[in-house]
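One is the number of the first residue; the rest follow in order along the sequence. As the structure is a prediction and not an experimental result, all values here were calculated from the model.
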Amino acid sequence: MIETTAIRDDQGALLVSTAEVATPRSANYADLLAELLGRKVPVEPLPGGYRLDFGIGEGLLNFGPESLSLLVIADDGASLSNLRDALAVHLERLGHRDNLRVVWR
């Protein structure tokens with residue numbers, strides 16, 4: 001079972017999932033993933049990462065020296081699951097040579 005965290009704002013609960021992917025090439029993978037997904041969704045560059053607006057939620061990519069952090073926020077469980085799947089499938093495909101695996105918390 002994948003753990004999610006609920007945070008609350010003025011409009012109700014939001015669901016959040018995170019993943020940490022170990023790779024010394026985190027900035028490269030963040031750039032590639034943002035470029036790939038940017039063909040379909042708006043991408044906003046941020047210091048140290050990107051924000052992706054999927055409409056049904058958003059994703060944040062943050063790169064550090066040894067890992068790429070993923071954070072997904074959505075209003076409901078189905079949207080959260082879809083966003084996790086989309087990010088994981090694309091990142092694992094891009095990083096297949098480095099055996100990247102996304103494990104959501």
Side-chain angles (χ1 to χ4, degrees):
M1 181 174 170
I2 297 172
E3 290 182 37
T4 61
T5 303
I7 59 174
R8 299 216 179 262
D9 64 7
D10 296 317
Q11 294 144 359
L14 296 173
L15 299 176
V16 178
S17 265
T18 61
E20 199 76 26
V21 181
T23 175
R25 297 174 6 132
S26 62
N28 292 344
Y29 283 117
D31 292 344
L32 288 170
L33 190 56
E35 181 181 338
L36 177 68
L37 294 174
R39 297 175 188 158
K40 302 274 186 187
V41 301
V43 174
E44 176 187 352
L46 301 172
Y50 297 93
R51 178 184 169 277
L52 299 97
D53 182 358
F54 292 95
I56 60 170
E58 66 181 52
L60 297 172
L61 311 175
N62 292 303
F63 52 86
E66 297 298 322
S67 67
L68 176 61
S69 299
L70 308 174
L71 179 124
V72 206
I73 303 167
D75 291 329
D76 58 73
S79 296
L80 188 74
S81 180
N82 288 340
L83 295 178
R84 285 190 307 226
D85 290 347
L87 286 176
V89 164
H90 289 300
L91 182 57
E92 289 177 357
R93 189 175 300 142
L94 289 169
H96 75 277
R97 289 188 180 150
D98 290 333
N99 295 314
L100 294 188
R101 294 292 169 252
V102 177
V103 179
W104 294 101
R105 296 178 286 197

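Residues R105 and S17 come closest through the heavy atom pair O-OG, 3.4 Å. Residues S26 and L68 share a closest heavy-atom pair of CB-N, 3.7 Å. Contact detail for L83 and F54: the closest heavy-atom pair is CD2-CG, 3.3 Å.
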- Kindly determine whether T23 and L100 satisfy side-chain contact (heavy atoms from CB on, under 4.5 Å), including the steps that lead there. CA-CA 8 Å; T23 175; L100 294 188; 3.9 Å; yes
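For the atom pair CZ of R25 and CG of L32, the computed distance is 8.0 Å after rounding to the nearest 0.5 Å. In this structure, the separation between CD1 on I73 and CG on L80 is 9.5 Å, given to the nearest 0.5 Å. Going from atom CZ of F63 over to atom CG of D31 covers 6.0 Å, rounded to the nearest 0.5 Å. Note that CG of N62 is 9.0 Å distant from CG of L70, once rounded to the nearest 0.5 Å. Between the CG atom in L87 and the CG atom in N82 there is a gap of 11.0 Å [rounded to 0.5 Å].
Checking side-chain atoms of T18 against main-chain N and O of L71 turns up no donor-acceptor pair under 3.5 Å.
Within the 4.5 Å cutoff, the side chain of W104 has no heavy atoms near those of the D85 side chain. Between V21 and R101, every side-chain heavy-atom pair lies at or beyond the 4.5 Å cut-off. Counting heavy atoms from C-beta on, the side chains of E44 and D53 never come closer than 4.5 Å.
Considering L52, L36, L33 in turn, L52 is the only one that fulfils the side-chain contact (heavy atoms from CB on, under 4.5 Å) rule with V43.
Both V41 and I56 belong to a single network of hydrophobic side chains, linked directly or stepwise wherever heavy atoms of I, L, V, M, F, W or Y lie under 4.5 Å apart. Residue V89 is not grouped with residue L60 when hydrophobic side chains (ILVMFWY) are merged at heavy-atom distances under 4.5 angstrom, including chains of intermediate members.
With no hydrogens or angles considered, a side-chain donor-acceptor pair links D76 and S79 at under 3.5 Å.
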